[in-house]
Amino acid sequence: MIQFLQQLINGLSIGSVYALMAVGYSLVYSIMSFSNFAHGGVIMLGAYFGFFALTLLKLPFIPAFILACAGTTLLAILVERIAYKPLRERNAPFLYFIISAMGASILLENIVIATIGPTFRTYPPVIPRTPIQLGALAVGRLDLIMFFISAVCLTGLILFIEKTKMGKAIQAAAYNIKACALMGVNTDKIILIVFGLGGFLAGVAGVFFGMKYTVYPQIGNITTKSFIAAVFGGLGSLPGAVLGSVLLGTIETLVAGYLSSQFRDLIAFVILIGVLIFRPSGIMGKTTVDKA
Amino acid sequence: MDWFYIQGILMLAGINLIAVLGLSLLTGFTGLFSFGHAGFMAIGAYLGAFMTVSPTTSPAGLGLPFAVGVIAGGAGAGIVSYFIGRITLNLKGDYFCIATLGFGEAIRLILNNVQLFGGSRGWPGVPYKSTLPAIIIVDILAVIFLANLVRSRHGRNMIAVREEELAAQIAGINVFKYKMIALVVSAVYAGVAGVFFGHYMTFIQPKMFSMTKSTELTIIVIFGGLGSISGSVLGALLLTALPEILRAFEIWRLVFYGAAVILIMISRPKGLMGGMELTPAGLRKARNERKARILALKESKNGQNGEAGLG
Amino acid sequence: MADILEISRLTKRFGGLAAVNDVSFSVPEGGIFGLIGPNGAGKTTIFNLITGVYSLTEGDVRFRGKSISGLPPFKIADMGITRTFQNIRLFKNLTVFENVLTACHLGASYSIIDSVLRLPRFRKEEKALFKKAENLLSIMGLTERRDLVANNLPYGMQRRLEIVRALALDPTLLLLDEPAAGMNPDETEQLMRLIVRIRDEFKLSVLVIEHHMDLIMGICEQIVVLNFGIKLAEGCAADISKDPKVIEAYLGATEEV
Ligand SMILES: Nc1ncnc2c1ncn2[C@@H]1O[C@H](COP(=O)(O)OP(=O)(O)OP(=O)(O)O)[C@@H](O)[C@H]1O
Ligand SMILES: [Mg+2]
């Protein structure tokens, strides 16, 4: 029982980081209906920004963290401007966006390999490794902080979308971006904000990921799993992305704990395939019928 | 550059071309996009190796002739793709891509865990059987098969699916069946390419067949121009040779590659050939289309024809 | 005259909305039958139900006495029902000729092996298909535009090409969804004559949706009026135009040009 709870807590904390990444995929999907595979590269750079802010600039943790998030926010917007905006203006089919995203992802990963090198780097020990004892449970401080900050960020995001005027405009754009454009809404600005938000959360996720594991150029591959979480929850739905991530994180940890850590990576894809077969719109996505 | 080096590049390009031609049918002619064809290459490479690797080494194979390996690799990939198609071909748009991505990665991760084939450490000792003439012959056969298929009612049905799925159905085309044919043919091509790849490298590892490889294949098809076989051929030759020639800049070449992909998407999305074929018949067709367009433009300017003036 | 198409108690619900609600009517063989009603009345939905694009919620569609509900669209097309679309759906990047040739496939039976090896059966059947496509183009006056990419055709011709493509399937029932949309009175007049000519020459029955009242009143022998998914009236042109319920439904609802 204790072991189960322990696994559950680990799963929740990793799931919450997945959620930070997954909402980035889902936000973009909800507005632009394509899977932004460059997001993984942005997350990876977030991890590097944080790492260098701590080691090279010798900043304290909080400023380093903020710097990393600012960096990824700008980077995400830059990717949009360079790789997607020209396609938007041309009304290109969704596939061109995906390929362009793949190109951006290859570009980001290899710029890092070429300039910084492919080596694994370990974050300095900002947060003590000693766990906190909660009764019989030992909870990692980092896990706790990760979970807490992710929850705050996600709540903030959902409040922003639900309560502010800008958030309402984003919702409207997600419902029908063409109609919004016709009604004179500045959709370019909405897209900018959406990428900025996704980029910011990518920074948070990247730093946590780097702290929990290590930093290396192929982190982006792991972010594929958060994309799967977004599909699991229903692409385009924010609560879905959060739910899918938490479930995926938990299932993964339980599988690794009870079956075999070898299956850990495979289970994500098994879930993905299962979802696509039985409910392609995911747990909370809306089903659409195309009109004849 | 010595001949051995050039020959190596040509062989790699020829092997890539087999897979690209298959993908060209699926993507360029039928309009389905896949991010998982490296998975079919992996199936081909591993099945092929299983047939040909000598039974005395470890991991052991069956020690059969190379031709058996080629057939088994192609057939195996085709059969797997059939079952994958059964469950994914009804998915719409983005979701089919995502599903192929999922299957491609799943195949790789499964191979990572199959110790019989060496798991993630890979499988050394695959015999060196891929020769340049053999590859060229397979390429030529692959082109002929594809070109003849595309220029038949079956090919036209696939193109109709790409152009307008609903209208294709209404025109009596069994959309699911033709998507399936395109998928299976493309998987067989990828499987055969995988066999040749394994028997060229003499060492295979699941890592070689990642999503990046799948993306590379799709990028080549788009670079060459959707719906153009000659475009796919040019694309495969250029895009395989280019990174190899750029080897001098080793670490920067993938940076260029990524940048080039974005550049192509935002500047010349129709690809090299833009659906045109570099054959006498293809050029004639392009000329006729241009003529017809100019004629129609003239007419609508003069406005003598009532209907032509409508807009 | 027997009925070629019988629609009985047809209902289609999208969530809570009944786009088509308990509609019944029959199209007589060889007739030109009109389907009218204000925007959103459910006309296109009925076409989608007949052709199998949507699955029906309740009711039945019978074609030549056999139920076709639940069949996939391509089988229904094989049986002889084809249609055009309200928002034109041509194979945009193909030429006029290729559009028609693609639809001509029903007469051919050669296999993939035949085509890959270019066997005699392939050559023979392919020749016949080409001939048939050329023939259709010349009957319909599109031969001059043979090599034009469909996307570059003038709008009115695109509508005409869609009809030719439908005819390539040798249908016995042709469904036309607002074929005159966007046409001026002259062109509408031409189109009317074309529809009648096609019916006579190809021996088909036609079911046509239109907002142009002149067209409907001019060529339809029988008309069904829909409103909010419900059948409002049925009868010949003269009866329909006098029916108070129909007049009421159309009052306020602006007639589309
Ligand atoms: N796929 C769908 N999902 C949900 N609602 C639909 C769908 N297709 C049609 N509807 C709804 O069904 C109703 C009838 O639509 P339909 O297209 O049949 O109208 P119509 O009579 O053809 O109108 P119009 O003259 O504008 O073409 C409309 O309210 C429409 O919004
Ligand atoms: Mg309609």
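Here the structure is a predicted model, which means the values were calculated and not measured. By convention in this document, chain letters (A, B, ...) are assigned in the order of the sequence lines, proteins followed by strands, and residues within each chain are numbered from 1.
Side chain of Glu289(B) to main chain of Thr95(C): no donor-acceptor pair is present (N/O by atom type, distance under 3.5 Å, no hydrogens or angles). Between the side chain of His105(C) and the backbone N or O of Arg156(B) there is no donor-acceptor pair closer than 3.5 Å. Under the 3.5 Å distance criterion, the side-chain polar atoms of Glu163(B) are matched with a main-chain donor or acceptor of Lys92(C). Side chain of Arg153(B) to backbone of Tyr110(C): a donor-acceptor contact under 3.5 angstrom is found.
If you measure heavy-atom distances from Arg165(C) to chain B, the contacts under 4.5 Å come from the side chain alone. At a 4.5 Å heavy-atom cutoff, Leu153(C) makes no contact with chain B through either its backbone or its side chain. Of the atoms belonging to Lys285(B), it is side-chain heavy atoms, and not backbone ones, that fall under 4.5 Å from chain C. In this structure, the portion of Ile159(B) lying under 4.5 Å from any heavy atom of chain C is its side chain and not its backbone. Contacts between Leu169(C) and chain B at a heavy-atom distance below 4.5 Å involve the side chain alone, from C-beta outward. Heavy-atom distances place the backbone of Leu90(C), and not its side chain, under 4.5 Å from chain B. Contacts between Glu125(C) and chain B at a heavy-atom distance below 4.5 Å are absent for every atom of the residue. Contacts of Ile181(B) with chain C are made by side-chain atoms alone, with heavy-atom separations under 4.5 Å and no backbone atom involved.
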TODO: Under the side-chain contact (heavy atoms from CB on, under 4.5 Å) rule, what do Arg293(B) and Val149(C) come out as? Steps first, then yes or no, please.
DONE: CA-CA 8 Å; Arg293(B) 199 174 59 238; Val149(C) 172; 5.9 Å; no
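Arg118(C) CZ: more than 12 foreign heavy atoms inside a 6.0 Å radius. Within 6.0 Å of the CD atom in Glu144(C), the count of heavy atoms belonging to other residues, nucleotides or ligands does not exceed 12. The number of heavy-atom neighbours closer than 6.0 Å to NZ of Lys75(C), taken from other residues, nucleotides and ligands shown, is 12 or below.
Interatomic distance, Asp114(C) CG to Ser152(B) OG, rounded to the nearest 0.5 Å: 9.5 Å. In this structure, Phe74(C) CZ and Ile170(B) CD1 are separated by 12.0 Å, a value rounded to the nearest 0.5 Å. Between the CZ atom of Phe145(B) and the CG atom of Leu117(C) there is a distance of 9.0 Å, given to the nearest 0.5 Å. With rounding to the nearest 0.5 Å, the separation of CG in Asp78(C) from CD1 in Ile173(B) is 10.0 Å. Atom CG in Leu148(C) sits 13.5 Å away from atom NZ in Lys291(B) (nearest 0.5 Å).
For the pair Ser115(C) and Asn148(B), the tightest heavy-atom approach, listed with the atom from each and the gap, is O-CB, 3.5 Å.
Phe85(C) is listed as a side-chain neighbour of Leu166(B), based on a closest heavy-atom distance under 4.5 Å. Asn152(C) places none of its side-chain heavy atoms less than 4.5 Å from the side chain of Leu297(B).
In terms of heavy-atom pairs under 4.5 angstrom with chain B, the leader among Ile81(C), Leu94(C), Ile76(C) is Leu94(C). Each of Pro72(C), Ser109(C), Ala166(C), Cys104(C) has some count of heavy-atom pairs under 4.5 Å with chain B, and the biggest count is that of Ser109(C). Taking Pro171(C), Ser111(C), Ala168(C) one by one and counting their heavy-atom pairs under 4.5 Å with chain B, the maximum is reached by Ser111(C). Comparing Leu101(C), Thr84(C), Asn99(C), Thr82(C) by how many heavy-atom pairs each has under 4.5 Å with chain B, the most go to Leu101(C). When Leu295(B), Val175(B), Leu146(B), Asn157(B) are compared by the number of non-hydrogen pairs under 4.5 Å with chain C, Asn157(B) comes out ahead.
Of the charged side-chain nitrogens involved, none lies within less than 4.0 Å of a carboxylate oxygen, so that Arg151(B) and Glu126(C) do not count as a salt-bridged pair.
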